[in-house]
Q: 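Handing you this structure, nothing more for now.
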Amino acid sequence: MRRLIASEFVTLDGVMEAPGNDPHPEGRSAWALKYTGQDQQRFKNDELLEMDAILLGRVTYEVFAAFWPTAPNDEGFADRINSIRKYVASNTMKSASWQNTVILRGDAAEEVARLKGEPGGDIILYGSGRLLDSLIERDLVDELRVMVFPVILGSGQRLFQDVAATKPFRLVDTLTFGSGVTVLTYRPAEAVPTSTYVERFAWTGEQMRSWEAARDVDRVLATVLFTDIVGSTEQAAAVGDRRWRELLDRHDRAARAEVDRSRGVLVKSTGDGILATFDAPTRALRCAFGLSEALGELGLPIRAAVHTGEIEMREGDVGGIGVHIAARALGEAGERQVVVTRTVRDLATGTDLVFSPLGSVGLRGVPGEWELFSASLS
């Protein structure tokens, strides 16, 4: 059976986004190129020469397809990547202009499993974080090569998001270049290891009660608002770094003004959105409506999610199950939509508020089913 090898660039803080000159939401592109030397480039050339095909997600494919057809042909790398068979997993792409490309439609994991069962050599996956997560979850990745760069970027898409279950790997090789960049090669392990220290350092009941008591002091009931820009990656690529930074600055100013107007607390920017808290769900809703309208006028459509529940107050941040629920609910929202939990619907006041049922869904990492509603103004 053909092997699937994932070869990834990552910073010390886990960021995989924009290692080359492709746009980063905050202009922090090319962090990998700045550390690249001839020894590292030879490694990447040899790695690609050993492969029979490349697998990409749609966003990474679009970045590659824009750059590599006219890129410098250092040691034949551009010739090889342009000519090799390429598979892109997408249900939205109508056609692919980059030579020797095949679009994989339908369930990406099922299509990749089919490819692995066909005759041929190994397949390499570059970037494509969401696709990688789904393939790891389905146990389809045979080898993971993580090229770690000695830099903390501070923001950007992380390499690994949440997966349904713990996935153990074992280290099989390491390689360090003159720049300090290190390649860590892993292969799936059969089981999560254990040791005597698991029991030796187990918490006692008294220790657990002391910890819970300390945490309870910093827990409050609050309404949490999450937002993000719909299609931010595509927009950033379309308008370029400079214009995108200008739009993000205007986004941040508008967000701060709307949160202040609704008497909320802007906890932090999430790169292309915000996390804010309020003392009442109605204020959070009106902030979401106002922000959607203001940013829509800037050509920045957003989606939002609101939940009222218990949160943990941390230094300069918030956390806990209430924040987690709001973050997961955001994933259920569409463009210009404000999604709320039943708690918000039951507590919000205002004759002009309309709540349309969206049904009950499971939110990853949250027990049970959650009833969601689409909130709007009449």
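For clarity, every value in this text was computed on a predicted model and none was experimentally measured. The analysis underlying the following values was restricted to heavy atoms, covering all of them including side chains, and did not include hydrogens, waters or symmetry mates.
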Q: Looking at E246, I'd like to know if its CD atom is crowded, meaning that more than 12 non-hydrogen atoms belonging to other residues, nucleotides or ligands lie closer than 6.0 Å.
A: yes
Q: Compare all side-chain heavy atoms of D133 with those of E137 and state whether any distance is below 4.5 angstrom.
A: no
Q: For H307, which of T341, T343, T223 qualifies under side chain to side chain donor-acceptor pair (under 3.5 Å)?
A: T341
Q: Should V318 and V224 be marked as a side chain to side chain contact (heavy atoms under 4.5 Å, CB included) after you check the CA-CA gap, both sets of side-chain angles, and the distance that decides it?
A: CA-CA 10 Å; V318 294; V224 179; 5.8 Å; no
Q: In this structure, would L285 and F278 fall into the same cluster of hydrophobic residues linked by side-chain contacts under 4.5 Å?
A: yes
Q: Keeping D228 on the side-chain end and D272 on the backbone end, is there a donor-acceptor pair under 3.5 Å?
A: no
Q: Drop me the distance from S232's OG to I302's CD1, to the nearest 0.5 angstrom.
A: 12.5 Å
Q: Do the side chains of K116 and D142 get nearer than 4.5 Å, heavy atoms only?
A: yes
Q: Could you give the distance from CZ (F43) to OG (S7), rounded to the nearest 0.5 Å?
A: 6.0 Å
Q: Indicate yes or no: does R286 engage D352 in a salt bridge with an N to O separation below 4.0 Å.
A: yes
Q: Looking at R219 and E212, does any basic side-chain N land under 4.0 Å from a carboxylate oxygen?
A: yes
Q: Between E47 and R145, does any NZ, NE, NH1 or NH2 come within less than 4.0 Å of an OD or OE carboxylate oxygen?
A: yes
Q: Just checking E369: does its CD atom have more than 12 heavy atoms from other residues, nucleotides or ligands closer to it than 6.0 angstrom?
A: yes
Q: Testing D346, V340, V344 one by one against R342 for a side chain to side chain contact (heavy atoms under 4.5 Å, CB included), which residue passes?
A: D346
Q: Is any NZ, NE, NH1 or NH2 atom of the basic residue among R58 and E234 found under 4.0 Å from an Asp or Glu carboxylate oxygen of the other?
A: yes
Q: Rounded to the nearest 0.5 Å, what separation is found between the CD atom of E62 and the OG1 atom of T233?
A: 10.0 Å
Q: Run the side-chain contact (heavy atoms from CB on, under 4.5 Å) test against D122 and tell me which residues pass, sequence neighbours left out.
A: R3, I5, M51
Q: Is a side-chain donor or acceptor of N91 paired with a backbone partner of G106 at a separation under 3.5 angstrom?
A: yes
Q: Roughly how far apart are E332 CD and Q337 CD, rounded to 0.5 Å?
A: 9.5 Å
Q: Just so I know, are the side chains of P193 and R170 near enough to count as touching, which here means a heavy-atom distance under 4.5 Å?
A: no
Q: Just one of Y35, F149, Y126 clears the side chain to side chain contact (heavy atoms under 4.5 Å, CB included) bar with F9, so which one?
A: F149
Q: Donor-acceptor pair, distance only, cut-off 3.5 Å: does the side chain of N82 make one with the backbone of Q99?
A: no
Q: Is it true that L377 and L295 fall in one hydrophobic cluster, defined by side-chain heavy atoms closer than 4.5 Å?
A: yes
Q: Does F355 have any ring-ring contact (aromatic ring centres under 6.0 Å, His included) partners at least two apart in sequence or in another chain, and if so, which?
A: none
Q: What's in the same ILVMFWY side-chain cluster as V230, cut-off under 4.5 Å, chained through other members?
A: none
Q: Any side-chain heavy atom of L171 within less than 4.5 Å of one from T185?
A: no
Q: Regarding R263 and D279, does a basic nitrogen lie under 4.0 Å from an acidic carboxylate oxygen?
A: no
Q: Under the side chain to side chain contact (heavy atoms under 4.5 Å, CB included) rule, what do L56 and W98 come out as? Steps first, then yes or no, please.
A: CA-CA 13 Å; L56 303 167; W98 197 11; 4.3 Å; yes
Q: Just by modelled atom types, is the V239 backbone N or O under 3.5 Å from a matching donor or acceptor in the W244 side chain?
A: no
Q: Is any side-chain heavy atom of H251 closer than 4.5 Å to a side-chain heavy atom of L298?
A: no
Q: Please examine the side chains of L104 and L115, heavy atoms only from C-beta on, and report whether any two atoms are closer than 4.5 Å.
A: yes
Q: Kindly compute the distance separating CZ (R256) from OG (S269), expressed to the nearest 0.5 Å.
A: 8.5 Å
Q: Tell me the closest heavy-atom pair linking L248 and P25, and the distance in Å.
A: CD1-O, 2.5 Å
Q: Tell me, with the steps shown, if V63 and T60 meet side chain to side chain contact (heavy atoms under 4.5 Å, CB included).
A: CA-CA 5 Å; V63 172; T60 303; 5.6 Å; no
Q: State yes or no: do M16 and I152 share one hydrophobic cluster built from I, L, V, M, F, W and Y residues joined by side-chain heavy-atom distances below 4.5 Å, directly or via other members?
A: yes
Q: For A304 and A333, which heavy atoms make the closest approach, and how far apart are they?
A: O-CB, 3.8 Å
Q: Donor-acceptor pair, distance only, cut-off 3.5 Å: does the side chain of R303 make one with the backbone of L330?
A: yes
Q: Please name the pair of heavy atoms, one in A53 and one in I84, separated by the smallest distance, quoted to 0.1 Å.
A: N-CD1, 3.7 Å
Q: Short question: side chain of S83, backbone of R80 - any donor-acceptor pair under 3.5 Å?
A: yes
Q: Which heavy atom in S29 sits nearest to a heavy atom in D22, and how many Å separate them?
A: OG-O, 2.7 Å
Q: Does the side chain of D52 reach to within under 4.5 Å of the side chain of I123, using non-hydrogen atoms?
A: no
Q: Is I229 reachable from L247 through a run of hydrophobic residues whose side-chain heavy atoms are each under 4.5 Å from the next?
A: yes
Q: Could you state the interatomic distance from NZ (K34) to OG (S179), rounded to the nearest 0.5 Å?
A: 14.0 Å
Q: If the threshold is 4.0 Å, N to carboxylate O, is there a salt bridge linking K167 and D139?
A: yes
Q: Partners of E335 by salt bridge (Lys or Arg N to Asp or Glu O under 4.0 Å), sequence neighbours excluded?
A: none
Q: Got a salt bridge between R114 and E111, using NZ or NE/NH1/NH2 to carboxylate O under 4.0 Å?
A: yes
Q: Give me the atom names and distance for the closest heavy-atom approach of Q157 to E17.
A: N-OE1, 2.8 Å
Q: Keeping S292 on the side-chain end and R336 on the backbone end, is there a donor-acceptor pair under 3.5 Å?
A: no
Q: Write out all pairs satisfying ring pair (Phe, Tyr, Trp, His ring centres under 6.0 Å) with one or both partners inside residues 182-205, taking only residues at least two apart or from two chains.
A: Y197-F201, W203-W211
Q: Verify, without hydrogens or angle tests, whether N73 (side chain) and D79 (backbone) share a donor-acceptor contact under 3.5 angstrom.
A: yes
Q: Give a yes or no on whether E206 atom CD has more than 12 heavy-atom contacts from other residues, nucleotides or ligands under 6.0 Å away.
A: no
Q: Through direct or indirect side-chain contacts below 4.5 angstrom among Ile, Leu, Val, Met, Phe, Trp and Tyr, which residues connect to V366?
A: I321, I325, V339, L358, V361, L363, W370, L372
Q: Take a 6.0 Å sphere around CD of E118 and say whether it holds more than 12 heavy atoms from other residues, nucleotides or ligands.
A: yes
Q: Going hydrophobic residue to hydrophobic residue with side-chain gaps under 4.5 angstrom, can you get from L49 over to L175?
A: no
Q: Any side-chain heavy-atom pair from L48 and I54 closer than 4.5 angstrom?
A: yes
Q: Quick one, L300 with Q235, criterion side chain to side chain contact (heavy atoms under 4.5 Å, CB included). Give me CA distance, side-chain angles, the key distance, then yes/no.
A: CA-CA 9 Å; L300 296 173; Q235 287 200 59; 3.7 Å; yes
Q: For V15, does its backbone N or O pair with a side-chain atom of R158 as donor and acceptor, under 3.5 Å?
A: no
Q: Checking K86 side chain against I81 main chain: does a donor-acceptor pair fall under 3.5 Å?
A: yes
